[in-house]
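Read through the structure below, which is laid out as C-alpha cells, and then see the notes.
Throughout, a chain's letter reflects where its sequence line sits, starting with A, and its residues are numbered from 1.
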Amino acid sequence: MNQTVVSYLSQYEFYDHLLAFFGNNQGLLSFVIYMIFILIIVTMCATIGGLGTYAERKISADLQQRVGPNRVGPYGLLQFLADGVKMMTKEDIMPFTADKFLFYLAPLLALVGVFSTLAVLPFSSGFALADLNVGVFYLIAISSLVGVAVFLGGYASNSKWSMLGGMRGASQIISYEIPVTLSVLAITLLAGGMSFGTIVGQQKGLPFNWFIFHNPFAFLAFFVFFTGALAETNRAPFDLPEAESELVSGYHTEYTGMRFGFFALAEYIEVFVVCGVAAALFLGGSSLPFNISFDILPLQLLEFIIFMTKTLLLYYVVIWIRWTLPRLRVDQLMSICWKYLTPMAILNLVGCSIWIVVFNGKSIAELIFGGH
Amino acid sequence: MFMQLLFGLSALLTLSGAIAVLVTKNIMHACIFLLASLIGIAGLYATLGADFVAVTQIMVYVGGIVILMIFAVMLTGGKDFVSRAQNLLGLAPSMGNKWTYTVGLLVSLVFLLTNVKLISSIVKSHPAKTFGNEFPSTVNQLGHLLIKDHVLAFELSSVLLLGALVGAAMIARPRKQ
C-alpha cells in the first residue's frame with residue numbers, strides 16, 4: 001500500500017508538525033487524514049453524481065432538440081439540488097406486503113457498494129485513498145455488491161415488475177462481469193500488476209504509450225470493457241432492469257423519495273467510477289505527458305484535472321450512447337454477452353499474452369520508433 | 001490502530017452474521033446475514049495480511065455464491081419456507097429433533113478436538129506476529145506457488161470446473177422433440 005494520501009503528505013514539512021500535534025501517534029494521524037479525505041472524495045463524487053442527472057437531462061435535451069432544465073439557477077445548474085429537496089420531503093411509502101428489512105437494506109447496500117469502489121480510484125498519483133496491490137480486483141469484487149442490492153430491491157418490493165427487473169439485473173450483472181474481468185486481466189498482464197499505481201505508471205508519456213494503443217488486442221479489449229461496463233451499470237442500451245416501457249421502472253418501481261434517490265445516485269456514481277477505471281486502465285489515467293516529474297502540489301492538481309477530463313469525456317459518451325441507441329431484447333442481451341463479448345475477451349487475453357512473449361512486452365509505438 | 005479496528009469490526013460482523021443466520025426464521029434474511037458474515041471473514045483475511053485471499057473471498061462469495069443462493073431460494077419457494085416452531089430447539093428452520101441435535105453436538109465436539117490438536121502444533125511453531133500499518137503483498141507469492149509448485153492441482157481444478165460447466169449446459173439445454 002504505497003502512494004496513498006498519507007504517504008504523499010508525509011514527504012512535506014507540515015506533516016511533522018501535525019504529527020507532533022497528535023502526540024507522535026502515527027496511527028491516529030493517518031486515521032484522521034483518511035477520514036478527512038474520505039469525506040472530501042465522497043462529497044465530491046456525490047456532487048458529480050447529482051450533476052450527472054443534470055448532464056443527462058441537458059444532453060438528452062440537446063440531442064432531441066429540446067431546452068432541458070433551465071429554471072433553477074444559472075442554466076438550470078441547481079436543478080439537482082431542487083430534486084434532492086423534493087425527494088427528501090416526499091412521503092416515504094413502503095408497500096404493505098414488502099419485506100421491510102430487505103426493502104430498507106437494498107438502497108443502502110447499493111450506495112455502500114459504489115462508495116467502497118472510490119477507495120482505489122486513482123484521481124492523481126498522490127490523491128488516492130489507497131493503492132492496494134489488488135486494486136483492480138478489489139474494485140471488481142466490491143462493485144458486485146450493487147448486483148445483490150439490485151436483486152434485493154426487486155425481491156423485497158414484492159411486486160411483479162420489481163421482481164422481473166431485479167432478476168434481469170442480477171443475471172445481467174453476473175454475465176457481463178466475465179468479459180469485463182477478462183479485459184481487465186489482459187491489461188493486468190501488460191502492466192505486470194493489479195495496483196492502479198503500477199498500471200497508470202506504465203502509461204506515462206505521449207498518448208501512444210497508453211494501453212489502448214499498446215497492441216491491437218488491447219485496443220479491442222477497451223471496447224469490450226466499455227460495452228460490458230455499460231451493461232454492468234444498467235445503462236442504455238442495456239437498461240433492461242429498469243426498462244420503463246415494459247417494467248414501469250424495474251427494480252425501483254416501489255421506491256419513493258430518497259430511497260429511490262439512493263438507487264439513482266448509486267447508478268450515476270457507478271457510471272463515473274466505471275469511466276474512471278476505463279480512463280485509468282486504457283487511457284493513461286492521471287499520467288502527465290512528456291514524463292514531467294517534479295513533485296509539487298500544482299502538478300498534482302494538473303494530474304487530477306487530466307484524470308477528470310478523461311473520465312468526464314467518457315461520461316459524456318455514456319450519456320450520448322444512451323440517447324442514441326434503442327434498448328436490446330433480453331435474448332439479444334445474453335447472446336451479445338456469451339456469444340460475442342466473452343469469446344472476444346478471451347481472444348484479447350490470449351492475444352495479449354502471445355504479444356508479450358513474441359515482442360518482449362513492447363508496444364507498437366516502441367516497435368516502430370525503437371523506444372527504450 | 002487500523003488493524004485492531006479492522007479486526008474488531010470484522011470479528012463482530014462475522015459472529016453476529018453467523019448467529020443471525022441461525023436465529024432468523026426468514027430464509028431470504030438468512031442469505032443476507034450469511035453475506036454479512038462472509039464479508040466479515042474477508043475482513044479477517046485482510047487483518048492477517050492476505051489481501052488477495054480477502055478480495056477473492058468477496059469476489060467469489062458476494063458476487064457469486066450468495067446471488068446463486070438467492071436464486072435457488074426463489075426458485076424453490078422463497079419466503080413461504082418459514083419455520084413455525086415455537087420452542088428453542090425448533091428455532092433454526094428444519095434442523096430436526098433433539099436426537100439429531102445430540103448427534104450433531106457429539107460430532108462437532110469430535111471435530112473441535114481434532115482441529116485443536118491439528119492447529120496447536122502450528123500455533124506453537126509460529127508465534128503471533130504484530131503487523132504495522134503496511135499491508136504485505138501476497139499476490140506475487142501466490143502466483144508463483146500456483147504456477148510452479150501446485151500447477152497440477154491448479155490445472156486439474158480447471159478441468160473439473162470445465163466439466164461442471166459442460167454438465168450444467170447439457171442439463172439446461174432445451175430438448176429437441
Chain A contacts, top residue of B:Ile39, B:Leu35, B:Ile58 (heavy-atom pairs, under 4.5 Å): B:Ile58
For chain B, which candidate among A:Leu105, A:Leu152, A:Leu109 shows the most heavy-atom pairs at distances under 4.5 Å? A:Leu152
So what's closer than 4.5 Å to chain B heavy atoms on A:Ile173: side chain, backbone, both or neither? neither
Can you confirm whether B:Met69 is buried at CE, in the sense that more than 12 heavy atoms of other residues, nucleotides or ligands lie under 6.0 Å from that atom? no
Measure A:Phe151 against the heavy atoms of chain B and call it side chain, backbone, both or neither at under 4.5 Å. side chain
Kindly say whether the aromatic ring centers of A:Phe101 and B:Phe33 come within a distance under 6.0 Å. yes
Neighbour count >12 (heavy atoms, 6.0 Å) for atom OH, A:Tyr340: no
Heavy-atom contacts under 4.5 Å, residues 163-172 of chain A to chain B: A:Met163, A:Met167, A:Ala170, A:Ser171
Atom CZ of residue position A:Phe103 - does it have more than 12 heavy atoms of other residues, nucleotides or ligands inside 6.0 Å? yes
A:Phe115, CZ atom: more than 12 neighbouring heavy atoms under 6.0 Å: yes
Enter the distance from B:Met59:CE to A:Glu177:CD here, rounded to the nearest 0.5 Å. 5.0 Å
Can you tell me how far the CD1 atom of B:Ile32 sits from the CG atom of A:Leu102, to the nearest 0.5 Å? 5.5 Å
Compare all side-chain heavy atoms of B:Asp51 with those of A:Tyr138 and state whether any distance is below 4.5 angstrom. no
Can you name the closest pair of heavy atoms from B:Val62 and A:Leu145 and give their distance? CG1-CD2, 3.8 Å
